[in-house]
Amino acid sequence: MKCFLLALMLVMVFSNEALLSQQTAPLSRFTIGLETGTGNADDGCCSDTWGFFVLAGTVEYRLVRFFSWEASLRYLGFEGALQPYSTGPYGFSLSGFNRANNVMLTTGPRFNLPFRHGLELSLALKGGAGLDMVSQEILNYSNFLQTRRYKPDLRMIYEGNLRFSWWLTDAMAVECLAGLMTNMRDRKLLNLKSVEGMEIPDAHSGPAQRFVSEISGANGYFNAIELAFGVRFRLR
Amino acid sequence: MSLLLIFISLLGQATLMPPDSSTITAPVHGNGLLIGVHTAVVEYAAFRVAPGPVAGYYWFHDLNDRLTLRMEFVGKAGGGYREQAVFSDAVITPEGVGRSLAIFNLRSLLFLEMPVLFQFRRDRTARHGFFAGLRPSANFVTGDNSGYLEFSTVGNVSPTDFQGLTLRRGVHEFDLSVVAGWNYALTRRLNLDVRYSQGLFDLTADNFFKNKSNTLNAGLQVSLRADF
Amino acid sequence: MKNILFPLFVLVLFAACKRDVEDLPLERPWAPEFYARGEWRDTVPNVYTPFDYTVGSPAEPPFANIFTCKSRTGIADAQKIIRSEIFGISNSGPHFYIRFSAPGVVMPDADSSWSKTELESFFTPGKVLPITGAPGEVEVGFELPFFVRTYLLANSGIAPAPDGEVTIVSTEDYEWTQIDYLGNAIVRHGKKIGLQFNAKLGRLIYKDGVPVLAGEAEIRNGQASIYLEY
């Protein structure tokens, strides 16, 4: 796999020279894009999420006018509120925040519909792998108790997006993108890597046990909707 | 690592970096799309930073060969805040007690900003430029606005009910910042901006969050501007 | 001048402007006003256990019942009495009480309520009320805390060898509002009395359903803040 990737890299580096040597060579079929945006995510262990941030780099190869193949490397981060648990005003009230960071690599076809004046609408369906990195911050009322970090988890990712591009020149386009993504839901739970801070009161046999078992049931599953803006460049 | 090398090598193929010595004739006026990433200082004491997306529209017009007026209309999402406000009331009487509690957590904000900038360059063909200006901003709380509420009463004793209180009240709706940055024209239509913004108003009311720490709309932003 | 102005300008620029929120709701701290605390022992000498019955705190977590303090008046042994009782998990048997008898003899059907003047003249700071076994003197009652809830089993009035004293430390006016079932506010008036006390107690046990004196218990280092209503 490493050899294949290295070979692919070398081909990319030297392909430019080959293209330049042809005086009447057509524009490159390769484009690269950078996009950033926000959106909303639904995470299994959170009642509400916010702070959705996505940053992605994409490489696209236009096979024919209406069809291309795309690969994207994407970072996605968001935060959510864990379901609280309280024993009343004279006991404790456990709550917390779940922070999810995901790095995903997906690839797949893109179907393009060019219009006049450099406008283009396209639809992509991609699949790949994503690395889930989850951490949780636990509070008792307003007092910080502990930070729980889970081991990174690799799982399948599926995404689809609709992209509207406007080619301002032959080499540069601005684009707006709306997409859906989800990772594979399975019964596998995330493994706890470390706990820093104080113990949760009555965590093992008392009333807080239900809260602990719920937050430990984090499985990294999410589905998200994103809205992003980007810039795309055609290689020469 | 191999994947990163591939991505970087592909980026090197893009028509992004003409030689610095070459000149460029920028348009006199126009508009376009701005996208970028900002890194905000969300906690000054620990110097904790958090990234977020920036996207918007801009308009510019040359006042003369050296000076350009630019206005931007930008949305910016900022997370990573950890401000907490706690309200509590207790009424104790011989035959009853009333207790109420409200906890609000400020974790993320949405800023709608309108920077008004003056950009200075050596002449119309220069690639480099510097800009500065003011940035008014409207601020919105995203995420949980209602907070955690608890209310208990024994013996018909009523404490203060915090149900009408929201996190929105403790976060100032409007803000003003000063901006300074550097601009580089990658191509005639594509510009790279690097800027630092410093908010002048504490976004969080001290008497709501019961601390004197400053939460400012400040940070570093790197963005690309593409002219239509 | 320029050397001062520029840094000052920079400082002003980076000093954030602040604005406070108006009309924030009222907050009052948790400040327990009524309590009875000290150390108790059962019939075994020299084995003392602390107790703390603070009004407003949970009596027996995780149950929601809280400690409350009730003021009751009555006629006993031809004297007007006033009792401050601290209830916890049960509303019928107090965990702790302290009873005061007004001087003078009254008819059994006399009005048992105490006036503000009567309370003020009786409860004067520094006054010491001895426990010697004489009739009509102050009485301290305490329910020994066992796992199985039982009724009040010890008071100074039946101690085999009565001994102890109650010292009035402070008195102040106390007013509070109760909301009735119709939503009307009812203002109640009374006195908040600070006390220190020690007392030997007669320890009762039930034999065939009948309370029988079985020995001596004790409260020492007692402190209380009680409510008495007029």
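Chain naming here is simple, since letters A, B, ... match the order of the sequence lines and numbering starts at 1 in each. All values below come from the heavy atoms of this structure, side chains included, with hydrogens, waters and symmetry mates left out. Predicted model, so just to flag it, every value in this text is computed and none were measured.
Both the backbone and the side chain of B/I92 have a heavy atom closer than 4.5 Å to some heavy atom of chain C. Contact annotation for C/E22: only backbone heavy atoms (N, CA, C, O) come within less than 4.5 Å of a heavy atom of chain B. Interface remark: B/F208 contributes backbone and side-chain atoms alike to the contact with chain C (heavy atom separation under 4.5 Å). No part of B/V171 comes within reach of chain C, as not one of its non-hydrogen atoms sits under 4.5 angstrom from that chain.
Of the candidates C/Y174, C/Y53, C/W176, C/Y174 is the only one forming a ring-ring contact (aromatic ring centres under 6.0 Å, His included) with C/F34. For the ring-ring contact (aromatic ring centres under 6.0 Å, His included) with C/H95, the lone residue among C/F51, C/F87, C/F67 that qualifies is C/F67.
The pair C/E139-C/R83 fails the salt-bridge criterion, with no side-chain N (NZ, NE, NH1 or NH2) lying under 4.0 Å from an Asp/Glu carboxylate O. Between B/E72 and B/R70, at least one side-chain N (NZ, or NE/NH1/NH2) sits under 4.0 Å from a carboxylate O, which counts as a salt bridge.
Options B/V91, B/T160, B/T153, B/T215 differ in how many heavy-atom pairs under 4.5 Å they form with chain C, and the most are formed by B/T160.
Remark: C/K70 fails to qualify as a cation-pi partner of C/Y97 under the 6.0 Å distance and 45° angle criteria applied to the six-membered ring.
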